[in-house]
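Computed from a predicted structure; not experimentally measured. Every chain is numbered from 1, with letters handed out A, B, ... down the list of sequences.
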There are 2 protein chains.
Amino acid sequence: MSRDDRRRQLLGIGLSKLVEKPIQDLSLDEVAAEAGISRGLLFHYFPTKRDFHRACIEAAGRRILRNTRADDALAPDAQVAEMVRLFVEQIDRRRDFYLSLVHGTGSADVSLVEVYDAIWAEATDRVVAALGVAPEQARVVHAWWAYVEDHALTWSAEPPARRTTSEAALVAHCTDALAALLAVGRR
Amino acid sequence: MSRDDRRRQLLGIGLSKLVEKPIQDLSLDEVAAEAGISRGLLFHYFPTKRDFHRACIEAAGRRILRNTRADDALAPDAQVAEMVRLFVEQIDRRRDFYLSLVHGTGSADVSLVEVYDAIWAEATDRVVAALGVAPEQARVVHAWWAYVEDHALTWSAEPPARRTTSEAALVAHCTDALAALLAVGRR
DNA sequence: AGCCTTGTTGAGCAATGCTCAACAGCGTGA
DNA sequence: TCACGCTGTTGAGCATTGCTCAACAAGGCT
C-alpha cells in the first residue's frame, strides 16, 4: 500500500476509535490489528503515540472546517448565517465525534493546543473576511465562536423531540448575537 | 497519615504534575514516589488511574469556583463584574493550570464531561441568581461564560507589556456583552 | 492477651509504548 | 543477468506502567 493510502487508513481508524474512548485507553496494538499490520509499521508512520493522536485531531479539524465552509458568492450576512447553520448541524449530527476530537484541549499538551488554535483561527478569519470586521475586533469574533459552540453543544444535548428552540431560531440568535457583540465593542 | 490528609496530599501532587504534562505522560509511580509511598497505597485511595485523574480535575474545578465567588452583598451588576474580574485574573495568573485542568474536555471520557458540566453549571447558576435571569435565558448565560473564557484566554496569552486592552476594559466589555446577549434573546 | 480495623507494603502479572535489525519485493543501471 | 538500493514491512525484545493480591504493623477496644 502506498504511503499516503496507509496514512489515510490509519487516521481513519484512529478517528473512529477515538470517538469511543480517550487516547489513554486506545492501544496502538488495537489500531495495528484493525489495519492488519504489525505494530512496528505503525511506528514507522507515526514515530510516537502522541504524533498519531495529533494527526488524528488535525484530520478531524480539517473535516470540520471543510464541512462548514460557506459559499463566497452569498451576501456577507448570509455567509455567516450559513457557517453557523453548518456548524450547528455538524455538531448535532456527530456530537460525540465533535466533543471527543475537536472541542477543548485539556491535557497540557502544547502541540495539541496549537492544533486547536489553528482551527479556531481559520473559522474566525472566515467571518472577519466575510463581514469585513476591523482587525481589533477579531478577538470578539473569536470569542463569539466559543459562544456559538457552547450554544450548539447544549442545544444538541437535549433530545430532538423535547427541543424548545428550532435550529433556525438558534442560528438566528447566534448571528444576531454577533452583531450585538460587535456593537458592544464599538461603543 | 489520615485518610483525608493523604488524599489531599495526593491530589495536590496530581494537580502540580498535571499542569506540566498530560495524563498519559504521568506515571503513578511518579506520584507515589513524590508522596513517599508505595504504588500499592496509591491504588488503595484511587482504584484506577482514571479515578485519580477525575479527582484531580474536580479539585481544580472546586478551586476555580472558590476563587471566583463574588460577595452576595454587592449589587447584581457589581456581582457579575466581580465574578468576571476574578475569573479573568485567575486565568491570567495561572494560565497553564487553567488550560490543562479546567478548560475543555476532549478525551471522550463521559465521567470527565460530567465534571466540566457541573463546574459551568455552577458558574451559570451564580449569574442567573445574581441577576434574576429568566430560566429560559440560562443557556445564554452559559454560552456567555464560554465567550468570557475565550476572551480571557486570548487576552492572557499576549504578554502583559504588549496588551492593547486593560483588564478593566475587558471586564467591562464582558459584562456589557452579557447585557447585549440577553437583550438579543429577549427580542 | 486476643482481635479487629486501618494504613501500608512489595512482589508479581499482563499490557503496551517503543527500538532495532533484518527481510521481501521491485525497479534501475551496469 | 546480477548487483544495488529504495520502500513498505515484520517480529523479537526491552522497559515502563497500570493494576492485583496476600500479608504486615500499629493502635484501639473488649
Notebook entry, point to check: Just how far, in rounded Å, is P of C:dG17 from CG of A:L41?
Noted result: 16 Å
Notebook entry, point to check: Any side-chain N or O of A:Y45 less than 4.0 Å from the OP1 or OP2 oxygen of D:dT9?
Noted result: yes
Note to self: When you measure from the side-chain N and O atoms of A:R6 to the phosphate of D:dT7, is any distance below 4.0 Å, counting only OP1 and OP2?
What the structure shows: no
Next item on the list: Evaluate the ring planes of A:W120 and A:W145, with Trp represented by its six-membered ring, and classify them as parallel (under 30°), tilted (30 to 60°) or perpendicular (over 60°).
Entry: tilted
Next item on the list: In whole angstrom, give the distance that lies between atom NE2 of A:H44 and atom P of C:dG17.
Entry: 19 Å
Item checked: Salt-bridge criterion met for B:D5 and B:R8 (N-O under 4.0 Å) -> yes
Notebook entry, point to check: Out of curiosity, A:T68 OG1 to A:I91 CD1, how far, rounded to the nearest 0.5 Å?
Noted result: 10.0 Å
Check: When all nucleic acid strands are considered with a 4.0 Å heavy-atom cut-off, which category describes B:F52: base, sugar-phosphate, or nothing?
Finding: nothing
Notebook entry, point to check: Separation of A:I37 atom CD1 from D:dG11 atom P, in whole Å?
Noted result: 12 Å
Check: NE2 of A:H53 versus C1' of C:dG17: gap in Å, rounded?
Finding: 15 Å
Note to self: Output one letter per nucleotide in nucleotides 15-26 of chain D: B when a protein non-hydrogen atom lies under 4.0 Å from the base, S when only the sugar-phosphate is that close, - when neither is.
What the structure shows: --SBBB------
Note to self: Nearest 0.5 angstrom please: B:L181 CG to A:H151 NE2, how far?
What the structure shows: 7.5 Å
Notebook entry, point to check: Which residues satisfy the salt bridge (charged side-chain N to carboxylate O under 4.0 Å, His left out) test with B:E30, sequence neighbours excluded?
Noted result: B:K17, B:K21
Notebook entry, point to check: B:R7 CZ to C:dG7 C1': how many Å, rounded?
Noted result: 15 Å
Please tabulate, for side-chain N and O atoms in residues 56-67 of chain B, each donor-acceptor pair with protein atoms closer than 3.5 Å (sequence neighbours left out).
from: B:N67; atom 1: ND2; to: B:Q90; atom 2: OE1; distance (Å): 3.0

